Amino acid sequence: MKKYRLILFLGLLICNQYLFAQQKQRLSGNWEYLKGDLGGVWEAVRPVKEGNPESVPFWQKVTLPHCFNATDAVDPDVNYYQGPGWYRTQLTIANPYQKGRTLLHFEGAGQKTQVYIYNKKVGEHVGGYDEFTIDITDEVEAFKKNEVFQKEFKGKIPVEIRCDNSRDLEMIPSSLSDFNVYGGLYRYVNLVYTPQVSLDKVFADASVDAKGGSGRLTVAARLLNPDGIDTISVKINLKDPQGNVISSWKKEIRAFTGDKVLWDTVVKNPKLWSTDQPNLYTVETIVNVKSETSVHQEKIGFRNFEFVKKGPFMLNGKRMLLRGTHRHEDHAGVAQAMTEDMIKQEMMMMKDMGVNFIRLGHYQQSRIVLDLCDSLGILVWEEIPWCRGGLGGDIYKDQARRMLTNMIEQHYNHASIIIWGLGNENDWPGDFAEFEKDKIRAFMKELNDLSHKLDPSRKTAIRRCDFCKDIVDVYSPSIWAGWYRGIYTEYKEASKKEFESVDHFLHVEWGGDSHAGRHSESPDKALSLVKTGVGADEREGDASLYGGSARVSKDGDWSESYIVNLIDWHLKEQESMPWLTGTAYWPFKDFSTPIRPDNPVPYVNQKGVVERDFTKKESYYVFQAYWTKMPMVHIYGHSWPVRWGDAGEEKMVKVYSNCDEAELFVNSKSLGKKKRNIKSFPALGLRWMVKLNEGTNNFKVVATKDGKTITDEISQQYQTAKWTKPAKMVLEKVSEKEGVATIQVKLTDDKGILCLDAANYITFGLTGDGSLVDDQGTSSGSRKVQLSNGHAIISVKLNGGKSVASVKATGIPSAFIEL
């Protein structure tokens with residue numbers, strides 16, 4: 001019995017050693033926020049009695065992550081706030097290590113950050129997207145000697161943080177960028193305790209030959225050793241994907257400064273990391289000094305990739321078509337302050353859509369995102385936010401160098417990353433009186449050399465800066481066939497021309513905007529206006545809704561129907577381009593932008609395949625039909641309640657599926673089976689011409705794959721009555737659940753016939769006890785929005801009382817409803 005107790009005691013001792021090796025706590029709760037600036041940090045900590053003048057301005061309670069611009073980024077009536085804001089909290093500091101260090105670790109904050117303990121500044125950081133750490137050890141100990149530590153703060157440490165996203169021409173990214181430059185503590189903040197000596201960073205370089213037979217692992221490290229301890233004991237364990245230790249190294253060495261290679265070893269027949277089987281090994285590095293231990297764990301993967309010169313992309317010796325998308329860190333109701341659960345949901349939706357590649361635009365993103373890319377099997381292009389505006393001075397360039405260095409060092413070990421992006425649209429002037437291509441080229445060359453010095457194993461890339469395309473390893477031109485220029489059937493020809501102009505071509509950013517819930521019976525109508533044969537590259541002014549030559553982005557209907565056709569054609573063509581490395585659709589999700597106030601949802605880039613709140617558009621299922629293996633089937637038009645046309649007119653019904661065969665039933669009658677054919681456009685051959693009945697029509701599809709049968713069903717109305725000029729709005733409540741009502745406006749002519757092509761701007765209003773659920777940046781969460789096929793909806797929190805909702809539109813009488 002004593003023997004078993006001893007074993008149990010030793011086991012608990014070992015567990016406790018690792019438990020206290022490096023403690024980390026997310027600081028999510030107990031924060032207060034103040035929009036605007038203070039006269040000084042003293043205003044955040046001075047003793048205040050309720051009702052006294054010092055109690056103004058008022059602080060609001062918030063949880064982290066938190067963004068200044070959670071709602072105002074998509075407020076249709078104001079410019080989003082750019083300026084300072086303050087956060088404060090009080091921490092209980094209990095470092096378990098004798099002579100240990102106490103750190104505040106920021107996973108990202110926008111855009112300039114200053115950190116205070118009581119009224120003393122302890123650190124600052126410039127840059128909105130890279131991680132940084134502030135050592136607060138000495139100031140915490142000094143504050144504990146202040147009488148207010150116990151008297152006023154009851155043994156807690158007051159922490160104040162000033163964030164500032166003011167416009168600044170000498171910062172990247174430029175405020176000309178097509179996304180909001182957000183402010184706030186919009187990623188997690190962590191309280192970290194470390195021993196006297198700990199590991200600051202571990203760099204694990206995992207490589208393998210193209211056949212996957214022989215792997216190599218080189219582990220280097222950087223210490224956090226402010227007291228200059230002389231001798232340390234280091235142990236490194238390599239664990240396989242099942243968690244078994246397969247190799248170890250241990251040695252007592254002299255402490256070092258800078259980066260030092262500790263272990264270089266061969267790994268025979270490693271289990272390869274791939275997008276289908278993302279096998280991850282663990283490198284566990286343990287530093288021991290005076291019975292205190294620092295443990296650092298990194299996930300790594302053994303994989304070999306190659307961009308073949310004038311050819312395709314290879315992963316582990318086999319050709320892979322990169323099927324990609326883009327991610328902005330942005331979401332309805334929170335802006336950039338996405339929680340870990342939100343991020344997980346988003347990344348899982350991408351993987352379920354069939355994505356194997358992602359470009360993170362246009363800045364370093366959360367470590368949570370990269371961890372998920374590693375574990376889900378999604379290859380990554382990650383870039384710094386040198387985006388638009390031109391090139392600034394020394395302060396500007398220092399920030400770009402620093403952010404590139406931080407991005408590479410902080411995400412070095414991620415198996416998913418294959419490309420470091422150095423810039424985006426650097427041919428776009430505007431921030432400076434001087435715009436010299438030679439100077440931009442020289443700085444691009446400097447960043448390219450720095451990237452290869454920091455990480456020789458990965459490629460560099462930029463998008464849309466032709467006069468720098470020879471500098472980087474991989475180049476993406478701007479090809480927007482069928483949107484900003486040309487028609488979508490020119491896509492392959494335009495891509496082939498650009499492919500031949502560089503050694504390594506990768507097409508990132510293509511697609512177009514769609515207003516969720518808007519559909520069309522003649523979606524390609526605008527193509528007849530567009531000049532062909534002039535190329536598909538976006539040019540100055542093409543993104544504007546005003547002036548210039550005809551283009552779908554300006555003259556089209558922004559319907560889901562058109563974008564589904566455009567995407568369908570692109571994906572069909574990509575499957576028959578054997579030289580193509582791959583592409584990335586822009587973007588996965590709608591996101592806010594300050595430069596698009598006139599869009600159907602104001603201040604929202606609507607090119608996503610899902611809305612800003614994860615609501616799927618019809619285009620999501622087109623990607624699934626081409627890219628996924630698990631059986632799926634989807635009848636186009638789930639968000640299209642009413643179709644229109646003449647009595648007896650045939651209408652196309654499209655089904656998107658990866659199944660071998662599908663049978664369509666309309667009003668319980670079979671219209672026959674169709675075979676899936678990836679070369680047949682549209683809908684991979686799964687399309688039927690159908691005469692619809694006036695009124696309700698029920699559709700059901702039965703699809704089979706690998707012996708499995710799956711179905712999908714929708715109902716649609718068919719309207720043959722012709723409408724005239726919009727004349728009247730009808731406002732009605734369509735549902736109510738748990739104190740939230742959904743109201744809908746419909747636009748009709750003077751005879752009450754629904755105007756199904758109406759795209760008027762309407763504005764919802766509310767007075768009384770309730771509140772609109774608006775400023776979400778979605779088609780159903782914006783008080784000002786364009787109609788989708790003559791209707792729009794919004795939700796109202798009733799708050800247990802009575803309200804009157806209204807809707808107005810130019811030239812049409814307003815409508816009201818009591819709730």
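Everything numeric here is computed off the predicted structure, so don't read it as measured data.
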task = Would you check if the distance from the ring center of Phe179 to the ring center of Tyr363 is below 6.0 Å?
result = yes
query = How about Phe591 and Trp586: are their ring centres within less than 6.0 Å of each other?
reply =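 Yes, ring centres under 6.0 Å apart.
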Are side-chain heavy atoms of [X] and [Y] found at a separation under 4.5 Å?
X      : Y      : result
Ser366 : Glu329 : yes
Ile567 : Tyr585 : yes
Asn406 : Phe132 : no
Tyr484 : Ser553 : yes
His362 : Pro173 : no
Lys607 : Trp483 : yes
Asn605 : Asp513 : yes
Met171 : Lys112 : yes

Pair [X] + [Y]: basic N to acidic O under 4.0 Å:
X      : Y      : answer
Glu340 : Lys344 : yes
Lys654 : Asp568 : no
Asp178 : Arg596 : yes
Arg327 : Glu382 : no
Arg359 : Glu509 : yes
Asp470 : Arg441 : yes

Approximate separation, where rounding is to 0.5 Å, of [X] [atom1] and [Y] [atom2]:
X      : Y      : atom1 : atom2 : value
Asn356 : Arg323 : CG    : CZ    : 6.5 Å
Ile172 : Leu169 : CD1   : CG    : 13.5 Å
Asn424 : Ser177 : CG    : OG    : 7.5 Å

Under 3.5 Å: donor-acceptor pair, side chain of [X], backbone of [Y]:
X      : Y      : value
Trp273 : Ala415 : no
Asn658 : Met632 : yes
Arg187 : Tyr129 : yes

Would you call the rings of [X] and [Y] parallel, tilted or perpendicular, where under 30° means parallel and over 60° means perpendicular?
X      : Y      : answer
Trp640 : His519 : parallel
Tyr491 : His570 : tilted
Phe588 : Tyr620 : perpendicular
His634 : His638 : parallel

Between [X] and [Y], do the side chains contain an N or O donor and an N or O acceptor separated by less than 3.5 Å?
X      : Y      : value
Asn69  : Tyr186 : no
Ser174 : Asp431 : yes
Thr615 : Asp613 : yes

message = Run Ser501 and Tyr475 through side-chain hydrogen bond (donor to acceptor under 3.5 Å, both in side chains) and show every step you take.
response = CA-CA 10 Å; Ser501 72; Tyr475 182 64; over 6 Å; no
query = Excluding sequence neighbours, so at least two apart, what forms salt bridge (charged side-chain N to carboxylate O under 4.0 Å, His left out) with Asp455?
reply = Arg458
request  = Before giving the answer on side chain to side chain contact (heavy atoms under 4.5 Å, CB included), spell out for Phe68 and Tyr80 the whole-Å C-alpha distance, their side-chain angles and the decisive distance to 0.1 Å.
outcome  = CA-CA 9 Å; Phe68 294 179; Tyr80 80 107; over 6 Å; no
request  = With Leu372 as reference, evaluate Lys351, Met347, Met350, Met348 under the side chain to side chain contact (heavy atoms under 4.5 Å, CB included) test and give the passing residue.
outcome  = Met347
message = If the test is side chain to side chain contact (heavy atoms under 4.5 Å, CB included), which one of Val508, Thr325, Leu321, Thr583 qualifies with Phe357?
response =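 It is Val508, the one option of Val508, Thr325, Leu321, Thr583 that forms the side chain to side chain contact (heavy atoms under 4.5 Å, CB included) with Phe357.
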task = Test Val74 against Ser782 for side chain to side chain contact (heavy atoms under 4.5 Å, CB included), laying out the working first.
result = CA-CA 8 Å; Val74 290; Ser782 301; over 6 Å; no
Check against side chain to side chain contact (heavy atoms under 4.5 Å, CB included), Leu379 and Thr275 = CA-CA 7 Å; Leu379 292 160; Thr275 55; 4.0 Å; yes
inquiry  = Please evaluate residues Ser639 and Lys616 with respect to the criterion side chain to side chain contact (heavy atoms under 4.5 Å, CB included), reporting the C-alpha separation (whole Å), side-chain torsions for both, the decisive distance (0.1 Å), and the verdict.
reply    = CA-CA 10 Å; Ser639 58; Lys616 295 173 184 175; over 6 Å; no
request  = Apply side-chain hydrogen bond (donor to acceptor under 3.5 Å, both in side chains) to the pair Tyr603 and Asn180, showing each step before the final yes or no.
outcome  = CA-CA 10 Å; Tyr603 296 110; Asn180 293 84; over 6 Å; no
request  = Test Lys589 against every option in His328, Glu611, His331 by the side-chain hydrogen bond (donor to acceptor under 3.5 Å, both in side chains) rule and name the one that passes.
outcome  = His331
query = More than 12 heavy atoms of other residues, nucleotides or ligands under 6.0 Å from CG of Asp598: is that the case?
reply =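 Correct, the count exceeds 12.
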